[in-house]
Engineer: 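Here it is, the structure in full.
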2 protein chains.
Amino acid sequence: MTTKYVTFPDLQPSEPQGSDLLAAERAQATFRPNDLTDLIYGAEQMNKYARVQEIIEADPAFDKSAHYYLGREDLYKASLRKEKRLAKLMRKHGWGIDELQMAEEILDIPSQFMAHRGMFVPSLMSQADDEQKEAFLKPALRYQIIGCYAQTELGHGSNVQGLETTATYIPETDEFEINSPYLTAAKWWVGALGITSNYAVVMARLISNGKDHGPHLFVVQLRDLKTHKPLPGRTIGDIGPKLGYNSIDNGFLLLNKIRIPRFNMLSKYAQVEKGTGRYTKPPNARLAYGTMVLMRVYFVLAARRALARAATISIRYSAIRRQFVDPENPKKWNNGRVIESPVIDYVIQQYRLFPVLAQAYACHFAGLALKDLYETYIKQSEKGDFSLLAYLHASSSGLKSLTTTMAVTALEDCRLACGGHGYSKFSGFVTYSQNYAPNSTWEGDNYLLTQQVARYLFKTYRQLISSAPLTATVDPTVTYLQRYLNNPKCTCPAKSPEDFRKPEIQLQAFGHRAAYMIAAAVDQLDNHGRTWNSLLVDIAAISRAHCQYVLVCNFIEALQPKSNSQYDKFFKEKPEIQSVLTTLRDLFALHTMQKEFGEFLSSGYLSPTQSTMVKDQVLALLKEVRPNAVALVDSFRFSDYTLQSALGRYDGKVYETLCEWASREPLNSVTVDVNLGSDTLFREERVISKL
Amino acid sequence: MTTKYVTFPDLQPSEPQGSDLLAAERAQATFRPNDLTDLIYGAEQMNKYARVQEIIEADPAFDKSAHYYLGREDLYKASLRKEKRLAKLMRKHGWGIDELQMAEEILDIPSQFMAHRGMFVPSLMSQADDEQKEAFLKPALRYQIIGCYAQTELGHGSNVQGLETTATYIPETDEFEINSPYLTAAKWWVGALGITSNYAVVMARLISNGKDHGPHLFVVQLRDLKTHKPLPGRTIGDIGPKLGYNSIDNGFLLLNKIRIPRFNMLSKYAQVEKGTGRYTKPPNARLAYGTMVLMRVYFVLAARRALARAATISIRYSAIRRQFVDPENPKKWNNGRVIESPVIDYVIQQYRLFPVLAQAYACHFAGLALKDLYETYIKQSEKGDFSLLAYLHASSSGLKSLTTTMAVTALEDCRLACGGHGYSKFSGFVTYSQNYAPNSTWEGDNYLLTQQVARYLFKTYRQLISSAPLTATVDPTVTYLQRYLNNPKCTCPAKSPEDFRKPEIQLQAFGHRAAYMIAAAVDQLDNHGRTWNSLLVDIAAISRAHCQYVLVCNFIEALQPKSNSQYDKFFKEKPEIQSVLTTLRDLFALHTMQKEFGEFLSSGYLSPTQSTMVKDQVLALLKEVRPNAVALVDSFRFSDYTLQSALGRYDGKVYETLCEWASREPLNSVTVDVNLGSDTLFREERVISKL
């Protein structure tokens, strides 16, 4: 625990207390949060999670209470201490990937060894041949060498084919000469490269016999394993402070014609022959796509977590924070006394927060559906059937783009909905959002990805209108495109606001909108000579439309489980859970529709009158969610340790915690000299003891 | 200048160089940026600005080169050093408010004395009587005492009437006893209260003879002027780390039944009589509204600056950053060699960035129009005519809300449009956006403010439909409401995409949409028993619709200046400036319309076919802006010193600067110990020299 610099007087917040307000919220829920938690994570996983959590939260190496006050160097140190400890705990408790992921979620601190575990080791596993595994993978798994994955350059990110670092085969010595010919060829942004790693897998253009074979992977030792000093020819360092991730040393690397043995080119798939320099191409890249899809499943589930966290903090705090008396509906507390209304009672606040809750659950079900589909694909691909890949690649790209953007937006919206205190790091929003932010950009920029989605959708549409054989025979895209083609001029059949709660009405509306936009774009491309570039704005919208369809579709399917499935039994036993989730599904579908009215109306599918019905129905749904709002966020079961939020605490002690944490701000240990005539700034210049 | 820890090899970025790319952009502009700069700021102001800038940039006390690397305490110190120097320079050069504002814009570092100069001193000026001015204002102006403005509390922000701190008059001693009865009564967020100020103006509920007269202002000494130690009964400190503003010590203050003389209640308007405790109310509050309006004019102009800055960095960098070859339109460089396309050539990038440029100019003209109107109001109010106040208050509230939200959004969108490097602090986005962020919340939360706007609009509408006498006889609201009432069912007369460039088509569309929404809401309130709370979502949308109308209207009017006015002459001499601004006006109007299609379509005013025309026209406008994009941002004339951006530098040396700044990252001075068996983290534990 950190030092306390100020002692607060012994006072309570004014009545009613946060804990009492949250208790009243919890009492009015229509379901038991524990039941929903079991549905979300599964009871068995929750037990495992609880065991990992207990170990983490009890270990002093994982104490986070000082983190908000730390500068970069101290943050790096705290994080490295945690990493070393975690690596030891993994051995001690025999933790596998599952527990590691749980531990990292609970800890919620970007880690120096993530690049090692998540990029360096996996590239060796998948791309090294057996001898290379012996040489590099074995010591890596024992943490005898610590590696990173050096791909991105100062001048090139998404366009991997344009990377400038070269690896030229030198037959005379059977070596590669690796070189950074320009400043823009500097490897940049590489996680844990700055000061941590002593090895790297470096991506460089393979040149042999004067021919450029494009980017390949090479193992390069960066630093002396004893002194940790950079080896000759390597210019290495940290790239400087960032929006977030400041505990991590994202680094740069310039290689000045260094030599490595031919052995260091990862050679499971592509090889260079000794002496002749003859190059053997790798087989096709379908396998790599599979890994990419799996990564994107995780992005969708991580977006769910981010959305759930944003909702947890902002909804709990909104039940406690009171502002103004609502003259038309004054809030009364226990003794009948009128109090200022908790902001959660204002419809605008509900409109800002509850859809985030609905989005969290939408992403949950979409993530699970994507994971299932991925597992089906893996089974099929082992039998040589790759038919699912195109749809899977497109939808996972689009969902990564849509859901991470959704989460980034929600984090900021929910932070703002906490008013002034949202600006404090103690809100729990600031550091978390800053660390979440790169999700919009890395592993496929969210705008670029939409082009992958559109390519697949346009191809499928063209196959349908030309009656060419379909690449994928059954996927939701084909369903909604076919439906559209059967009747492009059809309009929404809803006659009353309540009609919009019917799943088929929702699904048809989302399907028609996506199909209409796809048809219009293909027409422009194929019949009006429009360039791809000129359609990029539509393409981004089309990807969003398609993926919103997928989210709605998955949400609907999850709530209509197959007879006798696990879910089906669960819902039969706990109909109140199915009911509250149905409300959230409707809110997700109709709020999304409302946000995108322009697209639903401009196709002519939705009428102005119907748009008013949707608007009204959204308000009705907010009212239905209201009594369950706190219970719904409780169900995600974030611990106070993970949240590190004064506003989102489970016990509602918001103001007590803000004071407690403020009393530990190190700036409170200094005495300023405000005399203009003096050049002194602090009255006693102190050497701040580093934490 | 800071220490360099890494030496980069002597390499250039790959061709073409950023400076050459920017030169080519500048060569294709259709106008001279200096001409536009003169129009924006006025030539005389620019000269003054240049003189201030020269002094600032040459002074070592204002060196910012280390700021990105600093933790909180060092940032505080650097900022305080700057503040003391600035206060001295103001005396030396005889700078007034104008130069001070310029200096603060150029420096762009939140300042400890801002609360003193901008809140403490002005409250004394406006609310202190003559004796109080002698006692408090005089030493404040000489910086003998440093003050802050303690209003917001832990539990109360926007609802000033709900503040909990009390000031009870004690007739026996002719004193006030000021007390914080609850933890939630702690003053919180108060700028420069934490460790800097030794005085405060404290807002507390005045209680006399058992009667609560609501919030009033009291001068409270906080600290000993010699030792700077808190006086008895004051619990003071810094509230901890924040998203931004970390150079500032936002503070807390709890007062434990401290006594101050009756003299310390600011008594120009309200008084408490000696002995009897008899209370005299202040006259009405119209004057206070005037100050609030002026503040909001500054918010609109500051939003313009934020938008212009976001556009400057992202547009310059987009002209330099190259990504992929566009197969349909390959970019060729000087020697005919195909290069990867600068991202500014991708339509989606233009769509993300150019509207921000248009928004910056829209806010510029709206800010000036609001300022003019404010000055007219002040003149009229001196003659007892307050008829403009209601409109002015509503529009300035709404414009503050709309334009600051617009700027916050643009900063993030433009940062993301810079790809990976946008995440680095060196982008120039991070710190600036973090410091800009509170604009959404302070001085009126952006959602709360929309209720002020709607109240005025509903009142005006009700006056029109009941033929009651109008509060304001001529304002744009009356114009568009009247037009709507004459023909509520009218539709947009545009027949071709080009028709949407006609100012009257634009204005009528925005007016009809706002009026339709106002009419619907009033109908719900007055005829269907809907509560105010249940309409808050519509109310937020109505405020936005009204203010977008105002922005379009002001932009149109600025480009159709009165004959022989200064602007008119300027445009006659420089028709190319009028032409490029007209393109931006059209882009602003039509892009805004496109973003809000839902509202234009659901009223039935715009048809689906017309919405396609608008979409097409937006693309045509992006193409027209393209050659002038860099020149348009150059015209805002941000110096590299102010921007502190490696990406947005005037000379285009993006990659050189990223490397230069990375070489100075202090983390590069440490050597890590990654051996898991060792408990050491850094190989040689260093005492970091404080900067």
Side-chain angles (χ1 to χ4, degrees), chain A residues 6 9 11 13-14 68 71 77 80 84 87 143 146 154 157 159 182-184 189 195-196 228 237-243 254 256 323-324 328 347-348 351 416 420 423-425 430 438 440-441 531 533-534 536-537 597-598 601-602 604 608 611 655 661-662 665 667-668 671-672 674 676 681, chain B residues 6 9 11 13-14 68 71 77 80 84 87 143 146 154 157 159 182-184 189 195-196 228 237-243 254 256 323-324 328 347-348 351 416 420 423-425 430 438 440-441 531 533-534 536-537 597-598 601-602 604 608 611 655 661-662 665 667-668 671-672 674 676 681:
Chain A
V6 185
L11 291 171
S14 53
Y68 286 146
K77 268 194 185 179
L80 186 60
K84 287 184 163 192
Y143 291 88
I146 303 289
L154 190 49
N159 184 11
Y182 308 106
L183 206 56
T184 37
W189 281 113
I195 60 172
T196 308
H228 207 68
D238 180 279
I239 63 164
K242 296 149 294 188
L243 173 56
L254 284 136
N256 184 14
Q323 199 174 26
F324 298 106
E328 290 170 306
V347 173
I348 186 75
Y351 187 78
L416 283 171
Y423 194 67
S424 167
K425 283 202 180 173
V430 175
S440 306
T441 309
T531 61
N533 186 12
S534 78
L536 287 177
V537 178
F597 265 162
L601 286 155
S602 65
S611 77
Y655 301 114
W661 291 358
E665 162 62 52
L667 201 60
N668 286 319
T671 304
V672 174
V674 290
L676 277 204
L681 298 169
Chain B
V6 186
L11 291 172
S14 53
Y68 286 146
K77 268 194 184 177
L80 186 61
K84 287 184 162 193
Y143 291 89
I146 303 289
L154 190 49
N159 183 13
Y182 308 107
L183 206 56
T184 38
W189 280 112
I195 61 172
T196 308
H228 206 68
D238 180 279
I239 63 164
K242 295 150 293 189
L243 173 57
L254 284 136
N256 184 15
Q323 201 174 28
F324 297 107
E328 291 170 307
V347 172
I348 186 76
Y351 186 78
L416 283 171
Y423 194 67
S424 168
K425 282 203 181 172
V430 175
S440 306
T441 309
T531 62
N533 185 12
S534 79
L536 287 177
V537 178
F597 266 161
L601 285 156
S602 64
S611 77
Y655 301 114
W661 291 357
E665 162 61 51
L667 202 58
N668 286 320
T671 304
V672 174
V674 289
L676 278 204
L681 298 170

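Each chain gets a letter, A, B and so on, in the order the sequences are listed, and its residues count up from 1. Note that this is a predicted model, so its numbers are computed, not measured.
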Engineer: Using non-hydrogen atoms and a 4.5 Å limit, figure out which bit of Val430(A) sits close to chain B: side chain, backbone, both or neither.
Structural biologist: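 Contact with chain B: side chain only.
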
Engineer: Chain B heavy atoms under 4.5 Å from Leu254(A): which part of the residue, side chain, backbone, both or neither?
Structural biologist: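 Leu254(A) touches chain B through side-chain heavy atoms alone.
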
Engineer: Look up atom CG in Asp238(B) and atom CG in Leu667(A), then write down how far apart they are to the nearest 0.5 Å.
Structural biologist: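 These two atoms lie 5.0 Å from each other.
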
Engineer: List the atom of Glu328(B), the atom of Asn533(A), and the distance in Å for their closest heavy-atom pair.
Structural biologist: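 Glu328(B) and Asn533(A) have their closest heavy atoms at OE1-N, 4.0 Å.
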
Engineer: Taking every non-hydrogen pair under 4.5 Å, which of Tyr143(B), Tyr68(B), Phe597(B), Tyr655(B) racks up the most with chain A?
Structural biologist: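 Maximum pair count with chain A is reached by Tyr655(B).
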
Engineer: For Pro608(B) versus Ser602(A), what's the shortest heavy-atom pair and its separation?
Structural biologist: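 Reported closest heavy-atom pair: CB-O, 3.2 Å.
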
Engineer: Checking heavy atoms, do the side chain of Ser611(A), its backbone, both or neither come under 4.5 Å from chain B?
Structural biologist: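 It is the side chain, since no backbone atom gets that close.
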
Engineer: Which answer fits Tyr351(A), side chain, backbone, both or neither, if we ask what part of it has an atom under 4.5 Å from a heavy atom of chain B?
Structural biologist: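 For Tyr351(A), the contact with chain B is made by the side chain alone.
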
Engineer: Using non-hydrogen atoms and a 4.5 Å limit, figure out which bit of Thr441(B) sits close to chain A: side chain, backbone, both or neither.
Structural biologist: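 For Thr441(B), the side chain is the part near chain A, not the backbone.
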
Engineer: Going from CH2 on Trp189(A) to OH on Tyr423(B), what distance comes out if it is rounded to the nearest 0.5 angstrom?
Structural biologist: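 Atom-to-atom, Trp189(A):CH2 and Tyr423(B):OH are 7.5 Å apart.
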
Engineer: Heavy-atom distances under 4.5 Å only: say whether Val6(B) touches chain A with side chain, backbone, both or neither.
Structural biologist: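 Interface part for Val6(B): side chain.
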
Engineer: Of the backbone (N, CA, C, O) and the side chain (C-beta and beyond), which part of Asn256(B) lies under 4.5 Å from a heavy atom of chain A, both, or neither?
Structural biologist: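 Asn256(B) has no heavy atom closer than 4.5 Å to chain A.
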
Engineer: Hey, is the main chain of Tyr182(A) close enough, under 3.5 Å, to the side chain of Ser14(B) for a donor-acceptor pair?
Structural biologist: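 Side chain of Ser14(B) to backbone of Tyr182(A): no pair is present.
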
Engineer: Please find the pair of heavy atoms, one from Lys242(B) and one from Lys425(A), that lie closest to each other, and give the distance.
Structural biologist: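 Answer, listing the atom of Lys242(B) first, then Lys425(A): O-CE, 3.6 Å.
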
Engineer: Counting heavy-atom pairs closer than 4.5 Å to chain A, which one of Ala87(B), Gly420(B), Ser440(B) comes out on top?
Structural biologist: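 Top count of heavy-atom pairs under 4.5 Å with chain A: Gly420(B).
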
Engineer: On a heavy-atom basis, which atom in Leu183(B) and which in Pro13(A) lie closest, and how many Å separate them?
Structural biologist: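 Nearest pair, atom of Leu183(B) first, then Pro13(A): CB-N, 3.8 Å.
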
Engineer: Look at Leu536(B), Leu243(B), Thr196(B) and state which one has the largest set of heavy-atom pairs under 4.5 Å with chain A.
Structural biologist: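 Top count of heavy-atom pairs under 4.5 Å with chain A: Leu243(B).
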
Engineer: Pick one of side chain, backbone, both or neither for Val347(B), based on which atoms fall under 4.5 Å of a heavy atom in chain A.
Structural biologist: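 Contact with chain A involves both backbone and side-chain atoms of Val347(B).
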
Engineer: Kindly give the heavy-atom pair with the smallest separation between Ile348(A) and Val537(B), and that separation in Å.
Structural biologist: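 What the structure gives for the nearest pair is CD1-CA, 3.9 Å.
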
Engineer: Which heavy-atom pair separates Gly240(A) from Glu665(B) by the least distance, and what is that distance?
Structural biologist: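 Reported closest heavy-atom pair: CA-OE1, 3.3 Å.
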
Engineer: Tell me, for Ile146(B) versus chain A, whether the close heavy atoms (under 4.5 Å) come from the side chain, the backbone, both or neither.
Structural biologist: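 Side chain only.
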
Engineer: With a 4.5 angstrom heavy-atom cut-off, could you sort out which part of Thr531(B) is near chain A: side chain, backbone, both or neither?
Structural biologist: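 Looking at Thr531(B), backbone and side chain both touch chain A.
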
Engineer: How far does CG of Asn668(A) sit from CD1 of Ile195(B), to the nearest 0.5 angstrom?
Structural biologist: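 Answer rounded to 0.5 Å: 7.5 Å.
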
